[in-house]
Amino acid sequence: MARLKLHNSLTRGKQDFEPIDPSHIRIYACGPTVYSYAHIGNARMAVVFDVLSNVLRTLYPRVTYVSNITDIDDKIIAASQKTGETIDVITKKYADIYNADMRSLGVQAPDIQPRATDHIPHMIALIEELIENNHAYAADGHVLFDVPSFPAYGGLSGRNRDEQIAGARVEVASYKKDPADFVLWKPSTDNEPRWDSPWGFGRPGWHIECSAMAAEHLGLPFDIHGGGADLKFPHHENEIAQSCCAHGDKEDLSSFAKYWVHNGFVTVNGEKMSKSLGNVTLAHDLVKDHAGETLRLTLLFAHYRQPLDWTEKSITQSKKTLDRLYQNLRDVADVTADDTAEFPPSVMDALCDDLNTPKAIAALLALAKEAVETQSPALKAQIIAAGNVLGLLRQNPEEWLGYAVSDDSVDATKIEYLLQQRTEARTNNDYARSDEIRDELTAMGIAIEDTAEGTLWKKI
RNA sequence: GGCGCGGUGGCAGAGAGGCUAUGCAGCGGAUUGCAACUCCGUGUACACCAGUUCGACUCUGGUCCGUGCCUCCA
């Protein structure tokens, strides 16, 4: 069986994946902060880690994939103040929309989807531990992580402290002992969300929730920690600092998570898509206009660490590629899949090579072509199995291609009538009439195919 | 300023020290009344300049260009 290799941000290289416990793989990916709709960049992360967890599941007997919802954050508070909706309403609304949109993209729900606000006691306990270990200090109702107490700080993002402080746009609050210190806990006013704590009523800082939830649901150290590339600094760097200083080895950054996997950005016109730039394309809008599977393939068409430029053209191409695959599947409709066939090695090799989805898709296309040529039961099963891991080809080919229409968006009776008229015209060599009918059908959004067994129609 | 990533055929996008993915589009052909569907065939592409090598698109150094991070960000 192929050996999984992953690019580990911690070591900046591709390396063999050596599980901490081969009988149980544990993976955590930073999920969304729910104050607005997810954009396609957020979706990329969800799709990438969905595929990664699928790959792990085919390789190992047990996998626990945790991806959180952050439902306490200053941006949520700001959204609440702006819209007048309560925090609970906002976070529930956008968490539900996020999950629904991701489901449309074929993303399976993570095994565990913890919410930050369900883990305040865990965070407080973690902070207390850091204070006890002299890695954090309370000041002015805040608790701050003492960065100089952790000399290994900066190892993930590869920056040393002296360099980054010079010229960095760090606002140094008066209560900070060191400019790089970051907030673990901060005071809340009466109209902000607040929890009682040893340091007064307040709320957690941005990074502590992931440290607390990962430890709670996976235990330390765990195998893989993931997220978008922009989380590397400061979010993941700070998670490592908190977790290593509280529970792990202060010399060993991998004592929190062994492998760090970061997906690249989705860009628009070559520029990063981000909420702050305002050039976002929302997953929620895209799923209205395109099949989720098409969007998913578009995201998988580039290697996960490469930037991906989001264009209508790329969506069209994915759609056509899926059409081809479904067409191939339709061409082996009469073949009974041989479910004892092994997972296709060419696809697995590609996926095991640092999740090379473009290569895996190419391998899948080759398999599909071969399956049609050979009408092989084993190949058919392999296509379906590969599709499943990629989260593709889960639909009925007839329906995908429009040969079977389950809704009443077309008038089948009328189409059949017109086709009958056309067949008659053709029999009489009345091709003018025949073409006229075809034009009429085209105008109705119906394409026709003349085959030896008669004329087929499909919705386009 | 510091750290990082990338420049591959018309487009998208893998890959690799010599065996030149894949998809889409284009072109030619088969099939068709004409189409559509399908099938077959078809493209000396690796930013630039040096170097290493028998041989580099792939390694090394430099140049140019693009882009990302440096406490809002997937």
Side-chain angles (χ1 to χ4, degrees), chain A residues 9 12 29-33 35 38-49 73-75 78 154 157-160 162-171 179-183 205-207 226-235 237-238 262-267 270-277 280 297-298 301-303 305-309 311 313-314 316-325 327-328 330-331 350 353 356-366 369 372-373 401 426 429-432 434-435 438-439 441-442 447-452 455-458 460:
Chain A
S9 303
R12 287 174 202 84
C30 290
T33 300
Y35 62 99
H39 57 62
I40 193 68
N42 298 288
R44 187 181 196 187
M45 167 263 145
V47 168
V48 164
F49 288 96
D73 183 274
D74 287 3
K75 289 192 292 294
S157 52
R159 57 192 86 226
N160 77 48
D162 298 338
E163 280 168 355
Q164 82 173 263
I165 289 165
R169 51 178 200 214
V170 183
E171 262 183 63
D181 292 352
F182 57 90
V183 171
W206 173 31
H207 318 290
D230 48 357
L231 292 184
K232 237 189 254 186
F233 189 89
H235 184 58
E237 201 72 79
N238 292 354
H262 292 98
N263 63 275
F265 299 121
V266 175
T267 60
E271 274 195 317
K272 179 184 168 183
M273 180 187 296
S274 75
K275 289 176 185 172
S276 51
L277 287 178
V280 299
L297 182 60
T298 308
F301 240 129
H303 181 88
R305 286 194 290 116
Q306 294 301 122
L308 171 67
D309 206 38
T311 63
K313 205 170 174 178
S314 61
T316 304
Q317 192 171 316
S318 300
K319 169 71 166 61
K320 289 191 172 184
T321 304
L322 278 172
D323 285 349
R324 164 163 293 272
L325 285 166
Q327 182 65 48
N328 290 158
R330 183 168 175 268
D331 290 341
D353 183 12
N356 192 334
T357 51
K359 203 174 174 186
I361 292 159
L364 178 58
L365 282 156
K369 189 174 178 177
V372 174
E373 282 166 14
L401 295 167
R426 291 177 73 213
N429 292 332
D430 183 359
Y431 295 121
S434 162
D435 290 351
R438 184 167 62 201
D439 290 344
L441 286 162
T442 305
I448 60 174
E449 290 167 26
D450 291 325
T451 74
T455 302
L456 296 180
W457 62 270
K458 67 178 177 183
I460 47 176

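Reminder, nothing fancy here: chain letters follow the sequence lines and each chain counts from 1. Everything quoted here is computed from the prediction, not taken from an experiment.
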Whole angstrom is fine here: how far is it from [atom1] in [X] over to [atom2] in [N]?
{"X": "F265(A)", "N": "C5(B)", "atom1": "CZ", "atom2": "P", "result": "14 Å"}
{"X": "D309(A)", "N": "C11(B)", "atom1": "CG", "atom2": "C1'", "result": "12 Å"}
{"X": "D323(A)", "N": "C24(B)", "atom1": "CG", "atom2": "C1'", "result": "12 Å"}
{"X": "N328(A)", "N": "C37(B)", "atom1": "CG", "atom2": "P", "result": "14 Å"}
{"X": "L364(A)", "N": "G23(B)", "atom1": "CG", "atom2": "P", "result": "12 Å"}
{"X": "D230(A)", "N": "A74(B)", "atom1": "CG", "atom2": "C1'", "result": "5 Å"}
{"X": "R12(A)", "N": "G4(B)", "atom1": "CZ", "atom2": "P", "result": "7 Å"}
{"X": "K313(A)", "N": "G10(B)", "atom1": "NZ", "atom2": "P", "result": "12 Å"}

Complement of [N], any strand, by Watson-Crick or G-U distances under 3.5 angstrom:
{"N": "U67(B)", "value": "G4(B)"}
{"N": "U38(B)", "value": "A30(B)"}
{"N": "A50(B)", "value": "U60(B)"}
{"N": "C24(B)", "value": "G10(B)"}

Taking atom [atom1] in both [N] and [M], compute the distance separating them and give it to the nearest angstrom.
{"N": "C59(B)", "M": "G10(B)", "atom1": "P", "value": "23 Å"}
{"N": "A74(B)", "M": "G66(B)", "atom1": "P", "value": "27 Å"}
{"N": "U22(B)", "M": "A14(B)", "atom1": "C1'", "value": "8 Å"}
{"N": "A56(B)", "M": "G51(B)", "atom1": "C1'", "value": "12 Å"}

Near K369(A) NZ, under 6.0 Å, is it more than 12 heavy atoms from other residues, nucleotides or ligands?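 No, not enclosed.
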How would you label the contact of [X] with the nucleic acid (heavy atoms, under 4.0 Å): base, sugar-phosphate, or nothing?
{"X": "Q306(A)", "answer": "sugar-phosphate"}
{"X": "V266(A)", "answer": "base"}
{"X": "G270(A)", "answer": "sugar-phosphate"}
{"X": "H39(A)", "answer": "base"}
{"X": "T321(A)", "answer": "sugar-phosphate"}
{"X": "A447(A)", "answer": "nothing"}
{"X": "T33(A)", "answer": "nothing"}
{"X": "Y431(A)", "answer": "base"}

Between the base of [N] and the side chain of [X], is there a donor-acceptor distance below 3.5 Å?
{"X": "R305(A)", "N": "C5(B)", "answer": "no"}
{"X": "K272(A)", "N": "C73(B)", "answer": "yes"}
{"X": "S157(A)", "N": "G4(B)", "answer": "no"}
{"X": "D435(A)", "N": "A35(B)", "answer": "no"}
{"X": "R438(A)", "N": "A35(B)", "answer": "yes"}

Is the ring pair F182(A)/H207(A) parallel, tilted or perpendicular, if the boundaries are 30 and 60 degrees?
perpendicular
Could you pull out the closest heavy-atom pair between [X] and [Y], with the gap in Å?
{"X": "A302(A)", "Y": "T357(A)", "value": "O-OG1, 3.6 Å"}
{"X": "R44(A)", "Y": "H303(A)", "value": "NH2-O, 2.9 Å"}
{"X": "A29(A)", "Y": "M45(A)", "value": "CB-CE, 3.5 Å"}
{"X": "G227(A)", "Y": "F49(A)", "value": "N-CZ, 3.4 Å"}

Is any side-chain nitrogen or oxygen of [X] closer than 4.0 Å to OP1 or OP2 of [N]?
{"X": "N238(A)", "N": "U71(B)", "result": "no"}
{"X": "W457(A)", "N": "C37(B)", "result": "no"}
{"X": "K320(A)", "N": "A25(B)", "result": "yes"}

### Message
Let me spell it out: for each of L231(A) and I448(A), pick the nucleotide of RNA chain B with the closest heavy atom. Which residue's pick is nearer the 5' end?
### Response
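Comparing both residues, the 5'-ward one is I448(A).
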Which residue, D331(A) or G31(A), contacts RNA chain B at a nucleotide closer to its 5' end, judged by nearest heavy atom?
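Closest to the 5' end, via its nearest nucleotide, is D331(A).
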Out of G15(B), A74(B), C40(B), whichever nucleotide has its closest atom nearest the side chain of K369(A):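 Among G15(B), A74(B), C40(B), the one nearest the side chain of K369(A) is C40(B).
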Judged by atom type as modelled, is there a donor-acceptor pair below 3.5 Å linking the side chain of N356(A) to the main-chain atoms of A350(A)? no
Open item on the list: Any carboxylate oxygen within less than 4.0 angstrom of a Lys/Arg side-chain nitrogen, looking at D323(A) and K320(A)?
Closed with: no
